[in-house]
Amino acid sequence: MGVPVVRIRVLVVDDHRIFAESLAAALAAEPDVDVAAAGSGPAALRCLERAAAEGRGYDVMLVDAELGIPGAAGDRRAPVPADGENAPVDGISLVAGVRSDRPSVRTVVLAEKDDPRRAALALQAGASGWVAKDCSLQRLLAVIRGVLRDETHLPPALLTGVLRELTAARKHRTESERLVEALTPREREVLRCMVAGLGRKAVAERLFLSPHTVRTHMQNVLGKLGVHSTLAAVALARRAGIGPADQTPAGPAALAGNVVERGGQLA
């Protein structure tokens with residue numbers, strides 16, 4: 001008996017029908033590749049969940065860099081139906097979610113153009129590679145097999161730009177960490193609640209403070225961080241590595257007040 005062929009299971013995620021179907025057909029012609037396609041981020045997550053439940057999880061996910069971005073590729077290609085989903089997930093967010101929930105799945109981003117900033121974001125989100133959509137099938141197969149050996153693949157022309165972006169991101173993170181360190185312990189607690197999406201009333205109930213005191217703390221947080229909105233404070237906190245507060249309710253009323261910001265103002 002011959003040695004059984006180890007098959008590679010690939011999921012193509014692209015919201016444009018012609019490209020998705022053509023790529024899936026080309027990959028399916030390979031003797032050691034099983035392939036399926038999903039037309040949206042939510043559809044991809046369902047495919048991953050179903051395959052894992054059946055004990056046939058995917059090995060590699062190929063994700064459109066412009067997935068879920070309206071009008072990103074014009075009207076040249078017909079979109080794949082999103083199976084009734086009304087909340088598209090962009091490609092970078094999908095990469096990050098899969099990396100967190102299914103770390104054994106390697107992701108490769110397929111792009112129509114070189115974009116150092118988005119390539120850096122993809123790598124930070126957990127992607128193992130960035131490949132041009134018009135690359136040869138053999139090149140794509142080499143990347144697929146390479147990422148399964150824990151290799152990272154980038155086009156040579158992108159290396160300098162991606163390194164520059166990653167260096168800048170580290171610099172921004174260092175600056176964000178410095179600003180967060182200037183907060184008092186109580187203000188850091190309030191910031192973590194803001195990152196968790198809690199509004200003023202919910203923060204007050206969680207920390208056993210009055211709403212007025214919480215509002216003062218929130219205003220102090222914004223001032224010390226040098227930002228003018230809750231969303232900007234949350235973004236800075238995430239760059240500094242500040243995670244959300246434990247969302248286990250401190251009391252029955254702690255679920256209330258989840259709106260953090262309205263029109264750029266504190267709720």
Exercise. Could you check R192 against E189 for salt bridge (charged side-chain N to carboxylate O under 4.0 Å, His left out), going step by step and ending with a plain yes or no?
Key: CA-CA 5 Å; R192 291 185 66 231; E189 284 185 292; over 6 Å; no
Quiz item: Taking it one step at a time, do D64 and K133 satisfy side-chain contact (heavy atoms from CB on, under 4.5 Å)?
Solution: CA-CA 9 Å; D64 178 16; K133 279 191 171 184; 3.1 Å; yes
Quiz item: What do the steps show when you test R145 against D59 for salt bridge (charged side-chain N to carboxylate O under 4.0 Å, His left out), and what is the final call?
Solution: CA-CA 10 Å; R145 295 189 171 101; D59 302 301; over 6 Å; no
Quiz item: Can you check salt bridge (charged side-chain N to carboxylate O under 4.0 Å, His left out) on R7 and D34, steps first, answer last?
Solution: CA-CA 7 Å; R7 304 191 68 79; D34 291 330; 2.9 Å; yes
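Of the residues L123, D114, V131, the one that meets the side-chain contact (heavy atoms from CB on, under 4.5 Å) test with L154 is L123. Considering V143, I144, V12 as possible partners of V60, the one that fulfils the side-chain contact (heavy atoms from CB on, under 4.5 Å) test is I144.
Looking at R206 and V203, their side chains never come closer than 4.5 Å, going by heavy atoms from C-beta outward. Using a 4.5 Å heavy-atom threshold, the side chains of L48 and Y58 count as touching. Proximity of T107 to V98: side-chain heavy atoms (C-beta onward) are separated by under 4.5 Å at one or more points. Two residues are said to be in side-chain contact when any heavy atoms from C-beta on lie closer than 4.5 Å; E66 and R118 fail this criterion. Between L207 and V190, some side-chain heavy-atom pair lies under the 4.5 Å cut-off. A heavy-atom distance below 4.5 Å is not found between the side chains of R215 and P211. A 4.5 Å side-chain heavy-atom check between L148 and R106 finds at least one atom pair inside the cut-off. Counting heavy atoms from C-beta outward, T152 and V147 have side chains that stay 4.5 Å or more apart.
Transitive grouping of hydrophobic side chains (ILVMFWY, heavy atoms separated by less than 4.5 Å) brings F19 and L27 into a common cluster. Both V195 and M218 sit in one connected hydrophobic cluster of ILVMFWY residues. Membership requires side-chain heavy atoms under 4.5 Å apart, directly or through other members. Note on L110 and L121: separate hydrophobic clusters, where clusters join Ile, Leu, Val, Met, Phe, Trp and Tyr whose side-chain heavy atoms are under 4.5 Å apart, directly or indirectly. Cluster membership check: I242 shares its hydrophobic cluster with V214, using side-chain heavy-atom separations under 4.5 Å among Ile, Leu, Val, Met, Phe, Trp and Tyr. At a threshold of 4.5 Å between side-chain heavy atoms, the hydrophobic network of Ile, Leu, Val, Met, Phe, Trp and Tyr places V105 and L67 in one connected group.
A distance of 8.0 Å separates OG in S40 from CG in D15, rounded to the nearest 0.5 Å. Rounded to the nearest 0.5 Å, atoms CZ (R200) and SG (C193) are 14.0 Å apart. We find the CG-OG distance between D150 and S128 to be 7.5 Å, quoted to the nearest 0.5 Å. Here CG of L45 is found 9.5 Å from CG of L11. Values are rounded to the nearest 0.5 Å. Taking CG of N220 as the start and CZ of R186 as the end, the distance is 13.0 Å to the nearest 0.5 Å.
Without hydrogens or angle criteria, R239 side chain to V234 main chain gives no donor-acceptor distance under 3.5 Å. No donor-acceptor pair under 3.5 Å is formed between the side chain of T213 and the backbone N or O of L209. Under the 3.5 Å distance criterion, the side-chain polar atoms of R9 are matched with a main-chain donor or acceptor of R56. Listed for the R188 side chain is a donor-acceptor partner under 3.5 Å among the backbone atoms of L183. One N or O on the side chain of E187 and one on the backbone of T184 form a donor-acceptor pair closer than 3.5 Å.
When all heavy atoms are compared, the tightest approach of L137 to A26 is CD2-O, 4.0 Å. Taking both residues in full, the closest heavy atoms of V35 and A24 are given as CG1-O, 3.2 Å, listed atom of the first, atom of the second, then distance. Contact detail for A122 and V109: the closest heavy-atom pair is CB-CG2, 3.9 Å. Counting all heavy atoms, side chain and backbone alike, H16 lies closest to D14 at N-OD1, 2.9 Å. Contact detail for L225 and L179: the closest heavy-atom pair is O-CD1, 3.7 Å. Residues A233 and L222 come closest through the heavy atom pair CB-CD2, 3.6 Å.
Defined by atom type and a distance below 3.5 Å, a donor-acceptor pair is present between the side-chain atoms of E151 and H153.
The number of heavy atoms from other shown groups lying within 6.0 Å of CZ (R99) does not exceed 12.
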